[in-house]
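Quick notes on the structure that follows.
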Amino acid sequence: MAFERAASVADLVEGKGKQVTLQGRKIAVFLCDGKFYAIDDTCPHRGAPLSEGECRMGQVMCPWHAARFDLATGKALCPPAKSDVRSYPVQVNEQQVYVDVG
Ligand code: FES
């Protein structure tokens, strides 16, 4: 378990995600309502990149078929997604965003 640098704060735009690769995994990092989040970047429905979805109120909407996920927990909130995604701890230090992918 260790936090790794994922992005600069300046790389992230409110309401949007950014794909990063950490330990060979595609991770979606979001800035949503002023908070940073990290979840797996692959929608469990058909594999869309969740980093391309819009986020607000702590949720991201899949860009392909509009399933929504809770950014803090990764929980799938509505169909067509039937399973959750993993969420990861995030820390911000000196304008850098760190994610612990375990
Ligand atoms: S690929 Fe995400 S809802 Fe279909």
Side-chain angles (χ1 to χ4, degrees):
M1 298 268 280
F3 281 91
E4 290 182 55
R5 184 185 170 282
S8 299
V9 167
D11 291 339
L12 288 146
V13 176
E14 173 63 41
K16 305 268 187 208
K18 175 181 170 60
Q19 185 188 84
V20 300
T21 302
L22 295 173
Q23 296 187 17
R25 279 188 233 172
K26 288 181 181 162
I27 308 289
V29 180
F30 292 92
L31 174 57
C32 186
D33 304 322
K35 289 188 193 163
F36 294 90
Y37 300 92
I39 61 173
D40 274 330
D41 195 21
T42 306
C43 181
H45 178 231
R46 294 275 166 79
L50 294 174
S51 57
E52 294 179 12
E54 302 281 323
C55 66
R56 62 191 177 107
M57 296 172 63
Q59 300 176 6
V60 61
M61 183 182 288
C62 176
W64 288 1
H65 313 107
R68 282 183 288 110
F69 298 88
D70 184 300
L71 288 170
T73 64
K75 188 168 176 43
L77 299 171
C78 70
K82 293 192 178 118
S83 47
D84 304 338
V85 292
R86 271 187 76 181
S87 64
Y88 302 95
V90 177
Q91 285 184 351
V92 179
N93 192 14
E94 296 188 348
Q95 298 300 308
Q96 305 298 316
V97 181
Y98 295 85
V99 176
D100 182 354
V101 294

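Atoms within a ligand are numbered from 1 in the order they appear, just like the ligands themselves. Basis for what follows: all heavy atoms, side chains included, without hydrogens, waters or symmetry-related copies.
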Might you point out which heavy atoms bring Leu71 and Ile39 nearest each other, and give the distance in Å?
-> O-CG2, 3.5 Å
With Asp41, which of Lys26, Arg25, Gln19 fulfils side chain to side chain donor-acceptor pair (under 3.5 Å)?
-> Gln19
May I ask you to test the Val90-Phe3 pair for a side-chain heavy-atom distance under 4.5 Å?
-> no
Numbered atoms and elements of ligand 1 in range of Ala48, under 4.0 angstrom, heavy atoms = 1 (S)
In short, Leu50 meets Val60 closest at the heavy-atom pair O-CG2, 3.7 Å
For ligand 1, which atoms, with element, lie under 4.0 Å from some heavy atom of Ala67?
-> 3 (S)
Angular separation of ND1 (His45) and ND1 (His65) seen from atom 4 (Fe) of ligand 1, to 10° = 100°
Can you tell me if an N/O/S atom from Cys62 lies under 2.8 Å from atom 4 (Fe) of ligand 1?
-> no
Which heavy-atom pair separates Met57 from Asp33 by the least distance, and what is that distance?
-> N-OD2, 2.9 Å
Is atom 4 (Fe) of ligand 1 less than 2.8 Å from an N/O/S atom of Cys43, whether that atom is in the backbone or a side chain?
-> no
Those atoms of ligand 1 less than 4.0 Å from some heavy atom in Pro80 | 3 (S)
If you round to the nearest 0.5 Å, how far is CZ of Phe30 from CD of Glu54?
-> 10.0 Å
Ala81 near ligand 1, heavy-atom distance under 4.0 Å?
-> no
